Amino acid sequence: MRTCLEMGEKFGELSKKNQKITVEHTSANPNGPLHVGRARNPIIGDTISRIYTKAGYDVETQFYVDDIGRQVAILSWGISNIPESELPTSDRKKIDHELVRYYQEANRRMEADEGVADGIKKLMKSIEEGDENTLRIFSENSDKVMLGMKESLERLNILHDSYKTESSLIVDCSVDSALSKLEGLEQCEREDNALYFEGGEHKIFLTRGDGTSLYPLRDIAYHIWKAGRADQLIDVLGEDHKVHGMFMKNILEALGIRPIPDIIFHSFVSFEGKRMSTRKGAYVTLDEIMDLAHERARDEVLKRRDDLSQDEVEKIAEMVGLGAVRYNIIRVQPEKPMNFKWDEALNFQGNSAPFIQYAHARAFSIIDKWGGDETKLISEADLDRLDEEGEIRLIKKLAVYPIVIDSAAGLKAPHIIANYAYDVSAQFNQFYRDYPVLKAEEKMIERLALVKASKNILSDVLNILGITAPEYM
RNA sequence: GGGCGUGUGGCCUAGUCUGGAUAUGGCGACAGCCUCCUAAGCUGUAGGCCGGGGGUUCGAAUCCCCCCACGCCCGCCA
């Protein structure tokens, strides 16, 4: 515990590894707003990045933008061919919400009308032929939707360090160079001039018969590119990419590329038993749930505080509401299926973010009321005097923090951090109930030191979860 | 049909890699606790043949085999 106090926020930080890790996450098709089904990916990716940073690695997070794929082609066709007057009104004034209407309507028309399908095919073809005008249109549309997604992610405290567009891999010939490497592989063969990789009983097609690239090839090019810039790669992918991921690793291995990515697969968040779909418009958007969480949190704040300014109320509502959303998703192992339920996502009690935030606020409040010199706690406290059961239990809980970081990183299991945060909070709340601090007959300094150490860890662990630690709530 | 994953009280969940003693918590329900540092808290009660069956073992939620249910994938889409 002395170490914990002396190190402050640095406690739990593992030795510097001098290793660069690139974490790829989110990488959602820029065709519309992020929905809750997709939100699991960025939350896992961002948390794992923060865990690795804490574990001593140099982490870069990256969003792989599919700006030339079919989804953007459909979106672009819609934007160029459908007048806004033929669309339903947008559910909110936000660029990704507005543009997704074109995507959805284009999908509808594509199914009903072969001419539309052909139009979209034509777009795909010209992008593959390197038509600069089409590329410009695609990137513009993709950028616009990305703007909206970034805004949503930022609100959730998720920022990518870099973005890599698929088109850039074609333009700089990374795809061509990957292709020539692959052609030399004995597992690669051609069928009607289309190159494929033979893996078990599966054929993974890398190019079309006309020589244009397919997603697996471009993804390999991307990973070769990434491998040249990092010591370790982590990808966060949905479970629908399992086969793809496995073959990509095999292919990279066959090419002798290193590092091979470690892939964290997560299952989807379904809604009312069904998978969410951007195309069909069957989803709850991330924006929607963030707004609702904020509102719910505001109600809760107002229920118990009448002494705060409106500004303060809104600030707390944002911290608490969004914390609840992030926590609810990260607390469960990635591979477990989740069924989205409003009352769980907006749960503010028990195993939830507000519970942890509340413990932090309590700890902060004690230190704040005391108002002394915190640095003195380290030198003046005789920590051996903290020998009562509840004190010892809390100290032990705090002490394992570095081990928790290490195993969460090693197992690539962000939910371990969430569970730990809950455990510390529960233990702190029991300590809070059983042992007076400021009114302690003796041991006040010692207990203050323990409160301070708890507060440090709580705020640090919340930070790893990307959740704000409030000073009061 | 094949591959991968998931299955733990009414609901959600930890533990499964690395087997160990009465299986972890939460929500909900019920019963309590604010003259005392924030009750978004705390305490107690009820609720579980750990999907089913077989096996390995002194010992299995955990390892092996079979089966069942659910999800994802099985395109010259991504």
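Just the heavy atoms: all of them, side chains too, but no hydrogens, waters or symmetry mates, feed the values below. Reminder, nothing fancy here: chain letters follow the sequence lines and each chain counts from 1. Since this is a predicted model, take the numbers as computed values, not measurements.
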Colleague: Is there a side-chain contact between A:Gln430 and the phosphate of B:rU43, meaning an N or O under 4.0 Å from OP1 or OP2?
Modeller: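 Result: yes.
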Colleague: May I ask you to say whether A:Lys144 pairs ionically with A:Glu140, meaning some side-chain N is under 4.0 Å from a carboxylate O?
Modeller: no
Colleague: Hey, does A:Arg275 reach any base, or is it just sugar-phosphate, or nothing, if we go heavy atoms under 4.0 Å?
Modeller: sugar-phosphate
Colleague: For a quick check of understanding: with a heavy-atom distance under 4.0 Å over all strands, which category does A:Lys203 fall into, base, sugar-phosphate or nothing?
Modeller: nothing
Colleague: Quote, to the nearest angstrom, the P distance that separates B:rG20 from B:rG15.
Modeller: 13 Å
Colleague: Among A:Val461, A:Leu462, A:Leu458, A:Asn351, whose side chain to side chain contact (heavy atoms under 4.5 Å, CB included) with A:Ser425 holds?
Modeller: A:Leu458
Colleague: Is A:Lys315 atom NZ crowded by more than 12 heavy atoms from other residues, nucleotides or ligands, each under 6.0 Å away?
Modeller: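 For A:Lys315, atom NZ is not crowded (no more than 12 foreign heavy atoms under 6.0 Å).
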Colleague: Pick base, sugar-phosphate or nothing for A:Tyr472, based on heavy-atom distances below 4.0 Å to the nucleic acid.
Modeller: base
Colleague: Can you tell me the pairing partner of B:rG2 across any strand shown, Watson-Crick or G-U wobble, with both distances under 3.5 angstrom?
Modeller: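 Pair assignment: B:rG2 / B:rC73.
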Colleague: What's A:Phe265 touching, base or sugar-phosphate or nothing? Going by heavy atoms closer than 4.0 Å.
Modeller: nothing
Colleague: Using a 4.0 Å heavy-atom cut-off, does A:Gln333 contact any base of the nucleic acid, only the sugar-phosphate backbone, or nothing at all?
Modeller: base
Colleague: Quick one: A:Asn351 CG to B:rG25 P, roughly how many Å, whole number?
Modeller: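 In whole Å, B:rG25 P and A:Asn351 CG are 12 Å from each other.
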Colleague: Once you apply a heavy-atom cut-off of 4.0 Å, does A:Leu411 come out as touching a base, just sugar-phosphate, or nothing?
Modeller: base
Colleague: Students often get this wrong, so: under 4.0 angstrom with heavy atoms, is A:Phe340 touching a base, only sugar-phosphate, or nothing?
Modeller: nothing
Colleague: Base, sugar-phosphate or nothing for A:Arg305? Non-hydrogen atoms, less than 4.0 Å.
Modeller: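 Base, at least one base heavy atom under 4.0 Å.
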Colleague: Taking the basic N atoms (NZ, or NE/NH1/NH2) and the acidic carboxylate oxygens, is any pair closer than 4.0 Å for A:Glu388 and A:Arg447?
Modeller: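 Salt bridge flag = yes for A:Arg447 with A:Glu388.
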Colleague: What contact category does A:Val332 fall into here, base, sugar-phosphate, or nothing, at under 4.0 angstrom with non-hydrogen atoms?
Modeller: sugar-phosphate
Colleague: In whole angstrom, what separates A:Lys274's NZ from B:rC70's C1'?
Modeller: 16 Å
Colleague: Classify the nucleic acid contact of A:Leu438 as base, sugar-phosphate or nothing, counting any heavy atom under 4.0 Å across all strands shown.
Modeller: base
Colleague: Of A:Met246 and A:His415, whose closest RNA chain B nucleotide lies nearer the 5' terminus?
Modeller: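 Result: A:Met246.
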Colleague: Whole angstroms only, please: what is the CD1-P distance between A:Ile263 and B:rC4?
Modeller: 16 Å
Colleague: Can you tell me whether the side chain of A:Asp192 and the base of B:rC76 have a donor-acceptor pair closer than 3.5 Å?
Modeller: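 Counting by modelled atom types and ignoring angles, a donor-acceptor contact under 3.5 Å is found here.
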Colleague: Base, sugar-phosphate alone, or nothing: which one does A:Pro436 contact when heavy atoms must sit under 4.0 Å apart?
Modeller: base
Colleague: Using whole Å, what does the distance between atom P of nucleotide B:rA78 and atom CZ of A:Arg208 come to?
Modeller: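 Spelled out: CZ on A:Arg208 to P on B:rA78 is 5 Å.
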Colleague: Contact class for A:His244 (heavy atom, under 4.0 Å): base, sugar-phosphate, or nothing?
Modeller: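 Nothing: the residue A:His244, judged by heavy atoms under 4.0 Å, touches no strand.
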